[in-house]
Student: 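The structure that follows is given in the form of structure tokens.
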Protein chains: 2
Amino acid sequence: MSQALIRKLQNFVKLSATDQRALERAGSERVRRIGPHEDIIREGDKPSSVMLIVDGWACRYKYLEDGRRQIVGFFVPGDICDLNIFLLKEMDHSIGSLTEVLIADISRESLETLMGVSQRIAQALWWDSLVSLAIQREWTINLGQRDAVERMSHLFCEMFLRQQSAGRAQISGCEFPVTQAELGDATGLSTVHVNRTLQQMRSAEMITLHNKRLVIHDLDALMRQAMFNPNYLHLGRDGAHLDAND
Amino acid sequence: MSQALIRKLQNFVKLSATDQRALERAGSERVRRIGPHEDIIREGDKPSSVMLIVDGWACRYKYLEDGRRQIVGFFVPGDICDLNIFLLKEMDHSIGSLTEVLIADISRESLETLMGVSQRIAQALWWDSLVSLAIQREWTINLGQRDAVERMSHLFCEMFLRQQSAGRAQISGCEFPVTQAELGDATGLSTVHVNRTLQQMRSAEMITLHNKRLVIHDLDALMRQAMFNPNYLHLGRDGAHLDAND
DNA sequence: CGCCGCTTTGATGGAGATCAACCTTCGTGG
DNA sequence: CCACGAAGGTTGATCTCCATCAAAGCGGCG
């Protein structure tokens, strides 16, 4: 169930069989199914559990008063929403599904058990939340400094590597079940311009986005184009000194 | 020394005298002075302690390969850089001073002590890190959806309220020791356009920015202009049920 | 006094928004 | 099995906000 999460965390530290079982258990306690394009939790709601995306894509977003919408992040399988979220009285943004989604709710208690039992798991989860923060910073940079082609290239690199780090990509590419309108909300571009940018990237033979699949023809070129530096994903086994040895 | 931090945390939960003393102690162990416009820690460096800004302003930023720079956040007195930062092998961005800055380094050990001794402090610090995350999301929204006037208005509202929540603002305004070039790096606008936008806001009698001071003539109007919703700062005493009663 | 960092001004150009159609695909039900 | 409708993708024309370039003012400090 939470294979993607486990795979991802192992980019930080090697987990023991016991650790993995504990994660499996926490991630399969209460699983619910959400249809595509539904709200999972809304701005103003009280968050009551930590959510783990088991399958499907979702996104965080927020509307401005006048109806403009910004998607501030994507969730892919293995992603967790904020660890300490139940400290807050209400959500300041919404989370909605893009595809059909499977969500595991992890109660405050089982999270505390999980992190109390294994120091290694606790640290891996903290690492994951630091990476999420770094991703958010990178989105800020993306919107602040890059032009349309660079922005989309950067987003594609990120989503590809993130899925790859969770064991969910192929050499050629990965899933990408996002409409052009949603891509616009995520990149701060109009739908029309997203369309034109995609055409440009396609004719430059960088990528193809079709049928909810992203095919990357030349990852190195794409990364150069985007000035993509993967350092912020911290995939370098930073916790190796804590590795389990069974 | 860490009055600003204490004041800020009390927007979440009322701290006991003991809590406050513990924070004071942790925040005055090792304090260092940094000159204006120096790097405090650089991309690639290994973070070794959690830093608390005791006085002055600093910012997080990152350069793209081609020299463009994005400031992704400001630090004001009472702000803490990421709590678990020592889990990472290297910084993915830099932190630099804007003014002269006093920094308290909090070692991993004293942080653990601090959070171990008082559940209330631990939760307050986690709350603070959730707020930082929300701020980062809001910057993403700001750059993605707002135009120049709205962006700058939003930034002014945020920095005013953040300083106010730490007891560091007056009714009329607050410190704002940021050059127009730096404002440009933070808002994703050119220096020239920042200048013109400021003039426009000044002649609309919204704000004046002069001598490193921000004067807000009509906060409500400014907030409306920016479509500023303060919910993301979570200043509503979300942890009131944990209040100390001495 | 003179210099350096910061702010201000004017002129020009371009990336991307907006508006308004039209096309394509695919699922649904008659 | 085809018709229809809705959602998503594509196109062209026009406009605007903001970047860029270049130069000139300003003010505080050595």
Side-chain angles (χ1 to χ4, degrees), chain A residues 35-38 57 59 64 66-71 96-100 142-155 176-204 207-214 225-226, chain B residues 35-38 57 64 66-71 96-100 142-155 176-204 207-214 225:
Chain A
H37 301 284
E38 284 180 24
W57 280 45
C59 68
L64 300 193
D66 67 354
R68 282 178 266 173
R69 178 169 92 136
Q70 177 69 39
I71 292 180
S97 63
L98 297 172
T99 64
E100 172 171 312
N142 211 24
L143 292 175
Q145 298 298 329
R146 283 185 252 257
D147 68 23
V149 175
E150 293 166 346
R151 255 181 239 190
M152 308 227 347
S153 304
H154 193 277
L155 181 61
F176 209 101
V178 181
T179 67
Q180 295 186 359
E182 287 157 348
L183 262 176
D185 287 346
T187 52
L189 301 168
S190 67
T191 311
V192 171
H193 203 63
V194 165
N195 182 285
R196 292 186 168 128
T197 306
L198 281 174
Q199 288 179 48
Q200 192 185 330
M201 295 177 72
R202 196 181 316 133
S203 69
I207 59 114
T208 352
L209 184 57
H210 192 59
N211 274 138
K212 305 178 179 265
R213 248 199 94 68
L214 170 67
Q225 171 80 258
Chain B
H37 300 285
E38 284 180 26
W57 280 46
L64 299 193
D66 67 355
R68 281 178 267 172
R69 177 170 94 135
Q70 177 69 40
I71 291 179
S97 63
L98 296 172
T99 64
E100 172 171 312
N142 211 23
L143 293 174
Q145 299 298 330
R146 283 186 252 256
D147 69 21
V149 175
E150 293 165 346
R151 255 182 240 188
M152 306 227 346
S153 304
H154 193 278
L155 181 61
F176 208 99
V178 181
T179 67
Q180 295 186 2
E182 287 157 350
L183 263 176
D185 286 346
T187 53
L189 300 168
S190 66
T191 310
V192 171
H193 203 64
V194 165
N195 182 283
R196 293 187 166 126
T197 306
L198 282 174
Q199 288 180 48
Q200 194 185 329
M201 294 176 72
R202 197 181 316 135
S203 68
I207 58 114
T208 353
L209 184 58
H210 191 61
N211 274 138
K212 304 175 178 267
R213 247 199 96 68
L214 170 68
Q225 172 81 258

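Here is the naming used below: chain letters follow the sequence lines, and residue numbers restart at 1 for every chain. Note that this is a predicted model, so its numbers are computed, not measured.
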Student: Would you check if the side chain of A:Arg213 reaches a backbone N or O of A:Phe176 as a donor-acceptor pair within less than 3.5 Å?
Tutor: no
Student: Give one of base, sugar-phosphate or nothing for B:Gly184, where a contact means two heavy atoms less than 4.0 Å apart.
Tutor: nothing
Student: Rounded to whole Å, how long is the line connecting atom CD of B:Gln200 with atom P of C:dT8?
Tutor: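 Rounding to the nearest Å, CD of B:Gln200 and P of C:dT8 are 14 Å apart.
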Student: List the steps and the verdict of side chain to side chain contact (heavy atoms under 4.5 Å, CB included) for A:Leu209 and A:Val178.
Tutor: CA-CA 10 Å; A:Leu209 184 57; A:Val178 181; over 6 Å; no
Student: State, without any angle test, whether B:Glu182 and B:Thr179 hold a side-chain donor-acceptor pair at a distance under 3.5 Å.
Tutor: yes
Student: Can you check the A:Arg68 CZ to C:dA17 P distance for me, whole Å?
Tutor: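 Computing the A:Arg68:CZ to C:dA17:P distance gives 12 Å.
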Student: Could you say whether A:Asn211 or A:Asp147 is positioned toward the 5' end of DNA chain C, judged by the nucleotide with the nearest heavy atom to each?
Tutor: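 Nearer the 5' end of the strand: A:Asp147.
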Student: Counting C-beta onward and ignoring hydrogens, is there a side-chain heavy-atom pair between A:Leu64 and B:Arg146 closer than 4.5 Å?
Tutor: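 Side-chain contact under 4.5 Å: yes.
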Student: Side chains of A:Glu150 and A:Ser153: is there a donor and an acceptor less than 3.5 Å apart?
Tutor: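 No, A:Ser153 and A:Glu150 have no side-chain donor paired with an acceptor closer than 3.5 Å.
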Student: Starting from P on C:dA15, measure out to CD on A:Glu150 and report it in whole angstrom.
Tutor: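 Taking CD of A:Glu150 and P of C:dA15, I get 12 Å after rounding.
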Student: Between A:Thr197 (side chain) and A:Ala148 (backbone), is there a donor-acceptor pair under 3.5 Å?
Tutor: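 No, A:Thr197 side chain to A:Ala148 backbone: no donor-acceptor pair under 3.5 Å.
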Student: Within this structure, what is the CG-to-C1' distance between A:Leu189 and D:dC17, rounded to whole angstrom?
Tutor: 15 Å
Student: Summarise how protein sits on nucleotides 7-12 of chain D as a single string, 5' to 3': B when a protein heavy atom is under 4.0 Å from the base, S for sugar-phosphate-only contact, - for no contact.
Tutor: -SSBBB
Student: Which of these, B:Arg68, B:Arg69, B:Gln70, sits in a side chain to side chain donor-acceptor pair (under 3.5 Å) with B:Asp185?
Tutor: B:Arg69
Student: Provide, to the nearest angstrom, the distance between the CZ atom belonging to A:Arg146 and the P atom belonging to C:dG16.
Tutor: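 Answer to the nearest Å: 14 Å.
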Student: Round to a whole Å and report the spacing from CZ of B:Phe176 to P of C:dC6.
Tutor: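 Between P of C:dC6 and CZ of B:Phe176: 15 Å.
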Student: Rounded to the nearest angstrom, tell me the gap between atom CG in B:Leu98 and atom P in C:dC6.
Tutor: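 In whole Å, C:dC6 P lies 11 Å from B:Leu98 CG.
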Student: Name the closest nucleotide to the B:Ser190 side chain, picking from D:dT20, D:dC18, C:dA17.
Tutor: D:dT20
Student: Please state how far atom CE in B:Met152 lies from atom C1' in D:dC18, giving the value in whole angstrom units.
Tutor: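 In whole Å, D:dC18 C1' and B:Met152 CE are 14 Å from each other.
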